[in-house]
K.L.:
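Quick one: the structure is below, questions incoming.
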Number of protein chains: 2
Amino acid sequence: MGRWEPNARGRLERAALELYVEHGFEQTTVAKITERAGLTERTFFRHFADKREVLFAGSGAMQELCVAAVAAAPDSATPLDMVAAALDAASARWEERGETVRKRQTVIDANAELRERELIKLAALSTALADAMRRRGVAELTARLTAETGIVVLKVAFERWIGDPGQRSLPQLIKECLNALGTMTGSR
Amino acid sequence: MGRWEPNARGRLERAALELYVEHGFEQTTVAKITERAGLTERTFFRHFADKREVLFAGSGAMQELCVAAVAAAPDSATPLDMVAAALDAASARWEERGETVRKRQTVIDANAELRERELIKLAALSTALADAMRRRGVAELTARLTAETGIVVLKVAFERWIGDPGQRSLPQLIKECLNALGTMTGSR
DNA sequence: TACGTGATGACAGTCCCTGTCATCCGGGTC
DNA sequence: GACCCGGATGACAGGGACTGTCATCACGTA
């Protein structure tokens with residue numbers, strides 16, 4: 001348990017997820033996490049802004065992935081196409097490690113504070129997508145509305161993907177939601 | 001400053017908003033709020049679940065208002081019409097006391113924790129709207145997507161209403177966003 | 001006037017999170 | 001090999017949010 005064991009941050013992430021799964025988020029104290037990781041509380045808060053953030057460490061990379069997808073979209077793409085490309089990129093990444101994603105989501109869904117954090121992460125993603133589209137020449141209002149709509153589709157499709165016993169794939173569910181969206185707004 | 005001054009809850013709400021405006025949310029301790037209201041900390045937490053909730057005391061009534069609007073929509077209404085009716089009801093209520101609403105929103109926008117709380121309140125509103133639509137016979141997926149889309153429109157329109165120097169009314173901005181939404185999804 | 005009920009006060013305690021300073025490890029310099 | 005420097009960690013004190021528990025108080029009612 002030397003002071004200099006490698007990958008302190010990774011050990012904290014792992015210990016936290018394990019304990020959140022075993023005993024729930026609220027019942028887990030930061031002291032217990034650092035104890036399992038062989039570190040001190042102070043070090044935990046040097047790596048993560050708060051007790052919730054440890055579950056969202058990967059959200060930054062996911063956001064960059066989505067922004068890159070928008071930037072890489074062909075010039076012929078409509079705003080909705082750009083968002084769809086971003087959602088494809090994100091969902092592909094999630095499909096890869098479905099087991100971990102599901103476990104993590106179970107923890108989040110069981111706690112209101114964590115759902116709050118999840119929502120603000122999605123809001124940040126929406127803003128980033130809107131910015132990326134604006135850089136592609138999309139008008140302000142259109143960019144904002146399209147990005148937010150994309151997040152809606154992501155939320156609904158992801159929810160169904162989690163609830164389903166692995167029947168349909170995430171990209172498939174996203175496509176279905178996008179179609180339903182079209183009939184919804186067009187039905188008048 | 002007797003122990004039995006009337007309207008303890010109201011005094012707490014008022015004192016909290018005042019102090020949040022004067023010094024910001026983070027700089028305001030619950031002790032300061034209860035001091036101004038002539039009560040104790042323990043009493044604050046009997047009336048409000050946490051320090052943030054005091055700013056969202058009215059969200060329950062707003063949600064009921066929206067749900068009632070959906071329930072009262074004519075049978076000929078499409079899902080999108082139902083949501084539009086709900087947004088009209090909500091925005092009318094906000095227009096009434098624009099001054100207070102703007103002041104409160106300034107406080108919320110300045111703090112990440114408060115934005116988180118705002119987002120989960122909107123998510124709860126979305127769920128309530130979807131439930132109300134389902135009771136009107138709307139299919140599960142359609143209800144969910146339409147409700148979420150309505151919240152998107154509300155968010156974007158409200159944001160523009162706050163940022164604007166009172167040019168366009170909130171119902172007007174909502175209508176504009178709904179129109180832009182139609183052209184967006186229909187543009188392909 | 002006595003009593004019951006609900007709201008408030010008083011107090012101790014836990015946990016999250018922060019500021020500060022000392023300590024340690026690894027790597028580069030001479 | 002001795003020296004040193006920068007980044008990461010430990011140790012400690014402390015504030016503030018929130019909770020549990022019991023005593024106390026005001027008010028309506030019999």
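Chain A is the first sequence line, chain B the second, and so forth, proteins listed ahead of strands; every chain is numbered from 1.
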K.L.:
Using a cut-off of less than 4.0 Å, is there contact between a side-chain N or O of B/His47 and OP1 or OP2 of C/dT8?
P.N.:
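Yes, within the criterion.
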K.L.:
When you compare the side chains of A/Thr149 and A/Thr146, does any donor N or O come within less than 3.5 Å of an acceptor on the partner?
P.N.:
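A/Thr149 vs A/Thr146: no donor-acceptor pair found between side chains.
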K.L.:
Is the distance from OP1 or OP2 of D/dG10 to the nearest side-chain N or O of A/Thr43 less than 4.0 Å?
P.N.:
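Result: yes.
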K.L.:
Within 45 degrees of the ring normal and closer than 6.0 Å to the centroid, is that where the cationic atom of A/Arg104 sits relative to A/Tyr20?
P.N.:
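No, a cation-pi geometry is absent between A/Arg104 and A/Tyr20.
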K.L.:
Using a 4.0 Å cut-off on heavy atoms, which residues in residues 103-116 of chain A reach DNA chain C? List them by number, or say none.
P.N.:
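Close to the strand, none.
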K.L.:
Whole-Å distance between C/dC17 C1' and B/Gln27 CD?
P.N.:
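Rounded to whole Å, this separation is 15 Å.
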K.L.:
Measure the distance from CD on B/Glu5 to C1' on C/dA7 and round it to the nearest whole Å.
P.N.:
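Checked: the CD to C1' distance equals 14 Å.
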K.L.:
Taking only Lys NZ, Arg NE, NH1 and NH2, and the carboxylate oxygens of Asp or Glu, determine whether A/Arg168 and A/Glu176 approach each other closer than 4.0 Å.
P.N.:
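Judged by the 4.0 Å cut-off on N to carboxylate O distance, A/Arg168 and A/Glu176 do form a salt bridge.
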K.L.:
Mind calculating the distance between CG (B/Asn7) and C1' (C/dA7) to the nearest angstrom?
P.N.:
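In whole Å, C/dA7 C1' lies 14 Å from B/Asn7 CG.
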K.L.:
Please write out the pairs of protein N or O atoms and N or O atoms of nucleotides 18-22 of chain D separated by less than 3.5 Å, giving the distance to one decimal.
P.N.:
residue, atom, partner, partner atom, Å
D/dC18, OP2, B/Lys51, N, 2.7
D/dG20, N7, B/Arg42, NE, 3.3
D/dG20, N7, B/Arg42, NH2, 3.1
D/dG20, O6, B/Arg42, NE, 2.8

K.L.:
If you look at every strand shown and take non-hydrogen atoms under 4.0 Å, does B/Thr28 touch a base, only sugar-phosphate, or nothing?
P.N.:
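Here B/Thr28 touches the backbone only, sparing every base.
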K.L.:
Any non-hydrogen side-chain atom of B/Phe158 less than 4.5 Å from a side-chain atom of B/Val101?
P.N.:
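With C-beta onward as the side chain, the pair touches.
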K.L.:
Please determine if A/Glu116 and B/Lys121 form a salt bridge, counting it only when a charged side-chain N lies under 4.0 Å from a carboxylate O.
P.N.:
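Answer for the salt bridge query: no.
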K.L.:
Round to a whole Å and report the spacing from CD of B/Glu35 to P of C/dA10.
P.N.:
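So the two atoms are 13 Å apart, to the nearest Å.
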K.L.:
Quick one: B/Glu26 CD to D/dG16 P, roughly how many Å, whole number?
P.N.:
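Checked: the CD to P distance equals 13 Å.
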K.L.:
Can the positive tip of A/Arg102 be found less than 6.0 Å from the middle of the six-membered ring of A/Trp94, inside 45° of the ring normal?
P.N.:
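That pair does not qualify as a cation-pi contact.
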K.L.:
Applying a 4.0 Å non-hydrogen cut-off, can you work out what B/Ala8 is touching in the nucleic acid: base, sugar-phosphate, or nothing?
P.N.:
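Since only primed, P, OP1 and OP2 atoms lie under 4.0 Å of B/Ala8, the category is sugar-phosphate.
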K.L.:
If each of A/Arg9 and B/Thr29 is mapped to the nucleotide of DNA chain D with the nearest heavy atom, which maps nearer the 5' terminus, i.e. the 5' end?
P.N.:
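The residue mapped nearer the 5' terminus is A/Arg9.
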K.L.:
Please say yes or no: joined through hydrophobic side-chain contacts below 4.5 Å, possibly via intermediate residues, are B/Ile151 and B/Val67 part of one cluster?
P.N.:
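No; tracing contacts between hydrophobic side chains, which count when under 4.5 Å, never links both residues.
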K.L.:
Under 4.0 Å between a Lys/Arg side-chain N and an Asp/Glu carboxylate O for B/Glu140 and B/Arg144?
P.N.:
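So B/Glu140 does not pair with B/Arg144 through a salt bridge.
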K.L.:
May I have the distance from B/Glu53 (atom CD) to D/dA17 (atom C1'), rounded to whole angstrom?
P.N.:
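Answer to the nearest Å: 15 Å.
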K.L.:
Output, in order, the C-alpha distance, side-chain angles, deciding distance and verdict of salt bridge (Lys or Arg N to Asp or Glu O under 4.0 Å) for A/Glu18 and A/Arg14.
P.N.:
CA-CA 6 Å; A/Glu18 285 175 4; A/Arg14 179 192 177 92; 3.1 Å; yes
K.L.:
What is the distance, rounded to the nearest whole Å, between atom NZ of A/Lys32 and atom P of C/dT14?
P.N.:
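In whole Å, C/dT14 P and A/Lys32 NZ are 14 Å from each other.
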